There are 2 protein chains.
Amino acid sequence: MDTNHAVSAFAALAQPTRLEVLRLLVRAGAPGMAAGDIAARLDVRQNTLSANLAVLVGAGLLRRTREGRSIRYFADMEGLRDMLAFLLEDCCGGNPALCAPVLDDLTCAC
Amino acid sequence: MDTNHAVSAFAALAQPTRLEVLRLLVRAGAPGMAAGDIAARLDVRQNTLSANLAVLVGAGLLRRTREGRSIRYFADMEGLRDMLAFLLEDCCGGNPALCAPVLDDLTCAC
DNA sequence: TCAATATTTCCATAATTCATGAAGTATGGA
DNA sequence: TCCATACTTCATGAATTATGGAAATATTGA
């Protein structure tokens with residue numbers, strides 16, 4: 001992960017539809033969702049959504065597989081982790097107490 | 001935290017200088033850094049940096065306090081956490097194993 | 001009060017991003 | 001083979017964003 005790659009990942013999330021797509025797919029989990037279902041759920045035109053999905057795939061935040069006529073999209077949790085790790089790199093270098101609160105609250109109660 | 005707020009936070013990081021500024025300040029920890037020092041370290045003009053710092057402050061990712069002639073900037077770890085929490089919301093809803101790898105690798109060894 | 005330092009604000013220009021309509025590609029069924 | 005469905009790609013114009021020069025503001029010390 002370098003700065004350019006990370007920038008493209010953050011840029012991918014810097015747009016309401018794309019951010020909601022990723023959140024939706026994070027919640028959807030392993031089964032993911034077909035492009036058409038995402039479009040219906042978020043009330044976005046198919047071609048607009050397609051362009052936005054392509055941006056997220058290019059940024060390494062989504063993966064896809066064809067399934068019959070549909071194309072199914074999934075959140076790429078590895079890509080997500082890489083992006084966050086790049087951002088928080090060495091946050092503990094000086095003072096562990098600084099980054100702990102960030103991570104503690106993220107460890108969702110599962 | 002709503003979608004618009006989160007979008008502005010991600011947009012703030014969707015630019016190389018700003019991303020490096022936040023990473024630098026995350027590493028710098030509690031003492032933060034003066035604007036001039038950041039500019040020198042990242043080799044960016046002061047007015048350009050000033051505009052970029054303003055974007056990060058507006059996005060809730062940085063805070064600042066005046067200190068004599070300098071203005072000292074700090075990473076806002078709460079803002080950072082809110083942004084990440086919004087993104088990962090309900091990732092565990094279906095399957096804890098899905099989000100665990102993301103968070104495990106982020107818990108830096110401190 | 002004057003000069004120097006540290007930083008921000010203003011403004012114009014250049015570059016990037018976005019949604020849309022229209023056309024194209026892939027798959028499955030009659 | 002023909003048609004319908006599910007998506008993607010392309011071209012375009014409108015809106016947003018980034019950068020750098022010049023000027024403005026705030027603080028400190030002589």
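Please read these numbers as outputs of a predicted model, since none were measured by experiment.
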Check: [Y] and [X] side chains under 4.5 Å, non-hydrogen atoms:
X       : Y       : result
B:Val55 : B:Leu61 : no
B:Leu88 : A:Leu80 : yes
A:Phe86 : A:Asp2  : no
A:Thr65 : A:Phe74 : yes

Quiz item: Heavy atoms under 4.0 Å, any strand shown: does B:Ser50 hit a base, just sugar-phosphate, or nothing?
Solution: base
Quiz prompt | 5' precedence on DNA chain C between B:Asn47 and A:Asn47 (nearest-nucleotide basis) | solution = B:Asn47
Nearest listed nucleotide, side chain of [X], among [options]:
X       : options               : result
A:Gln46 : D:dA6, C:dT7, D:dG20  : D:dA6
A:Arg69 : C:dT7, C:dA22, D:dA6  : D:dA6
B:Ala34 : C:dT7, D:dA26, D:dA18 : C:dT7
B:Arg18 : C:dC18, D:dA18, C:dT9 : D:dA18
A:Arg64 : D:dT8, C:dT8, C:dT7   : D:dT8

Quiz item: Phosphate oxygens OP1/OP2 of C:dA19: is one of them under 4.0 Å from a side-chain N or O of A:Asn52?
Solution: yes
